[in-house]
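Written out below as structure tokens is the structure these notes cover.
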Amino acid sequence: MSILHTVNKSPFERNSLESCLKFAQGGSSVLLIEDGIYAALKGTSAEGQVKAALDNLSVYVLGPDLAARGFHQERVIEGVEVVDYAAFVDLAAENDKVHAWL
Amino acid sequence: MSILHTVNKSPFERNSLESCLKFAQGGSSVLLIEDGIYAALKGTSAEGQVKAALDNLSVYVLGPDLAARGFHQERVIEGVEVVDYAAFVDLAAENDKVHAWL
Amino acid sequence: MSEVVKKYLYVNRKAPYGTIYAWESLEVVLIGAAFDQEVSLMFLDDGVFQLTKGQDTTGIGMKNFSPTYRSLGDYEVKNIYVDRNSLESRGLTQDDLVKVAWEDWESGEEKEDIVEVVDSARVTEHMDESDVIFSF
Amino acid sequence: MSEVVKKYLYVNRKAPYGTIYAWESLEVVLIGAAFDQEVSLMFLDDGVFQLTKGQDTTGIGMKNFSPTYRSLGDYEVKNIYVDRNSLESRGLTQDDLVKVAWEDWESGEEKEDIVEVVDSARVTEHMDESDVIFSF
Amino acid sequence: MKFAIQINEGPYQHQASDSAYYFTKAALEKGHEIFRVFFYHDGVNNGTRLTTPPQDDRNIVERWAELGEKHALDMVVCVAAAQRRGIVDEGEAKRNGKDATNIHPRFRISGLGQLVEAAIQSERLVVFGD
Amino acid sequence: MKFAIQINEGPYQHQASDSAYYFTKAALEKGHEIFRVFFYHDGVNNGTRLTTPPQDDRNIVERWAELGEKHALDMVVCVAAAQRRGIVDEGEAKRNGKDATNIHPRFRISGLGQLVEAAIQSERLVVFGD
């Protein structure tokens, strides 16, 4: 059954993204929200981790959280899709369940 | 001026211990409290970091927090001193200031 | 109380006492027993510290809720999984953890300890097979 | 308001908006200006994200407090340090950060930007030289 | 589709309540049903009627109350968590000998079973926390 | 020696208030002076008189109140942080049109300047948080 994983913490501060990517089944989706959006940025020490994850996971980042923190599409790793709250709802509905990595 | 650094989070969950050890001046003191006590345990993936720190820092761990989590002196890395709240107060008084790595 | 039976998975990733999540998560499990769902608990990352033996909270004045884990078998909890990597990177073995006995009141079937240390692939599988994932 | 002059260092290690610490820490700095102490701010780890340019909080309905940083020079803040390693490992350069102008009202001395990117050794030095370290 | 929302943190300190609000609003706008919004842990503090946020900031409690009113949301504050944090309604005040209440009238205090039931009755549980 | 204590988190959710309490108690037992205990961020929630913790657990608010009473501690709840979280005394209730108060009588609400002043007047500032 497909899972939407949400990660809301910075990958530089906490281990939640690392843990999520380790346990997420191939084919599932990961949505970066709140301080989790920093993982979507190009050129960071977490970039390699996220790029590797893109091989078998779909990765999304919440646009409103990205903009609040001063970033936009052009700073986001290629392959990571910027979405809005409506799309967050769609992802939660399309997947069979939601797993918040708190 | 000497500093007492306090770290209250697990080294497996957050970056506060790593950051503290990176910036703490040689000769200063580090006290592990609350979930920070896990860094004092032998045989963990954080042990190398703490052992290396012992070369030029004094490292303490709060006994009551250690016991609450099921651990005692014999599981603690050699060179890390187990102290009580009274000694926490002494450390805060003996050093010129206290820096909480929140 | 309900005819729907879902597979509930409680994911525990946080250490005890530093924050209340471990304890209040356990309170949901206890209450949840009345709803006759299929309940499993997963301990990974710092969550494995919740299960350590010999917790003594006298010195910090907090309630020691460690004994509650040992009684989970009486609360309809069927499976308790612990991630092996999480355990090992924290210098722990299963010997450091409490045992949770289990008995089926109807069939009389007994198990001495339902705590099961599993590999990462199994963690992923159990997440995948569950209907609802609780996290705190 | 006080004859004691201490060196205050505010250490900012947390990202903005996900939690309120950055904003309520800034509120202490603003109030603190009335006390005529020697105030420095240090941004390290995720704290460097507090200073990014172009923050737009419209979509999350929170108050955008980013402009406040630009006015810190008017609040007796003399030094703003940013840890170089923290910046680099987050893919940022000083160009990504807001500028904080400063003017001494008595001498008329002006600086276009007091944000200074420093090496780890300097971070340690500044912590060492301060009298009080605030962290939130 | 039927959603249940769980909120683990109080207002302002963490973004959890904000994120949950925008998610809930977006779900309602898309025609989904919100079976229940359950406030757990410090999340119970979202249910106080005593906040006075700065005028240039959002009012988290009132925003929930208005959304709740508009869509007849069932907004439940966990009683056990509320007792630890001091969120009180008339009944709790009487039972525990408190001389005041602080619950916002749009919220109700009830047991943890309401969370478990929400997870059974809903097709998705979405959790927001620290 | 003169200490100032700062607490950034509310009761029960985080250990910060517990750790601060034991530190303060130990400092007093050693004959040190506590210039002020300042409750900031969610720490203001330690000042409510409306909690009813389980009988087999500690009562964090009352424990602070008793220690405060015994040693005449100055226990200050930050007004700006308190307004965001809904911690209210008589004056605040009047000013902000609230129909109830929830502050414990042993605590007082005051400005952030009290924290800055405490750091000036004390020889050590010790911060407990998340």
Side-chain angles (χ1 to χ4, degrees), chain B residues 1-20 23-25 28-40 60-71 81-102, chain F residues 1-43 46 56-58 60 63-64 67 71 73 78 81 115-116 118-130:
Chain B
M1 298 195 295
S2 66
I3 306 185
L4 171 65
H5 299 274
T6 62
V7 174
N8 72 326
K9 291 296 173 186
S10 157
F12 315 111
E13 189 204 40
R14 301 225 197 168
N15 67 344
S16 52
L17 177 72
E18 190 187 336
S19 195
C20 168
F23 293 109
Q25 179 87 278
S28 52
S29 299
V30 176
L31 172 62
L32 306 168
I33 67 170
E34 301 179 359
D35 290 345
I37 65 99
Y38 294 118
Y60 305 88
V61 60
L62 196 61
D65 277 326
L66 196 63
R69 289 156 182 83
F71 298 101
E81 194 181 333
V82 181
V83 299
D84 60 9
Y85 278 104
F88 181 178
V89 172
D90 290 344
L91 284 167
E94 289 160 12
N95 285 277
D96 296 304
K97 57 190 174 267
V98 183
H99 182 182
W101 289 79
L102 304 179
Chain F
M1 184 171 279
K2 224 184 272 184
F3 284 91
I5 308 292
Q6 179 189 324
I7 299 171
N8 295 343
E9 301 296 330
Y12 302 103
Q13 187 102 335
H14 297 87
Q15 205 186 336
S17 180
D18 294 278
S19 299
Y21 171 81
Y22 282 104
F23 181 91
T24 302
K25 196 161 164 276
L28 290 164
E29 281 163 6
K30 282 188 157 277
H32 294 298
E33 181 186 337
I34 301 294
F35 179 78
R36 181 168 293 149
V37 182
F38 192 84
F39 296 87
Y40 197 38
H41 305 300
D42 269 6
N46 286 287
D56 57 354
D57 202 356
R58 77 269 189 222
I60 294 181
R63 206 170 57 176
W64 273 117
L67 194 69
H71 299 276
L73 295 183
C78 169
L115 170 61
V116 181
I120 294 172
Q121 299 299 331
S122 304
E123 290 156 279
R124 299 286 181 277
L125 170 68
V126 188
V127 186
F128 296 89
D130 181 32

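Naming: A, B, ... by sequence-line order, numbering from 1 per chain.
- Proximity to chain B is absent for every atom of F:Gln6, based on heavy atoms less than 4.5 angstrom apart.
- Looking at B:Asn95, the atoms closer than 4.5 Å to chain F (heavy atoms on both sides) all sit in the backbone: N, CA, C or O.
- Taking both residues in full, the closest heavy atoms of B:Tyr85 and F:Phe23 are given as CD2-N, 3.9 Å, listed atom of the first, atom of the second, then distance.
- In F:Glu123, the CD atom is crowded: over 12 heavy atoms of neighbouring residues, nucleotides or ligands sit closer than 6.0 Å.
- Using a 3.5 Å distance cut-off with no hydrogens or angles, the side chains of B:Asn8 and F:Gln15 do not pair a donor with an acceptor.
- Only the side chain of B:Lys9 comes within less than 4.5 Å of a heavy atom of chain F; its backbone N, CA, C and O stay farther away.
- Nearest heavy-atom pair across B:Val98 and F:Val126 is CG2-CG2, 4.1 Å.
- Interatomic distance, B:Asp65 CG to F:Tyr22 OH, rounded to the nearest 0.5 Å: 10.5 Å.
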Would you check, one step at a time, whether the test side-chain contact (heavy atoms from CB on, under 4.5 Å) holds for B:Val89 with F:Met1? CA-CA 10 Å; B:Val89 172; F:Met1 184 171 279; over 6 Å; no
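- Here the shortest heavy-atom pairing between F:Val127 and B:Ala100 reads O-CB, 3.4 Å.
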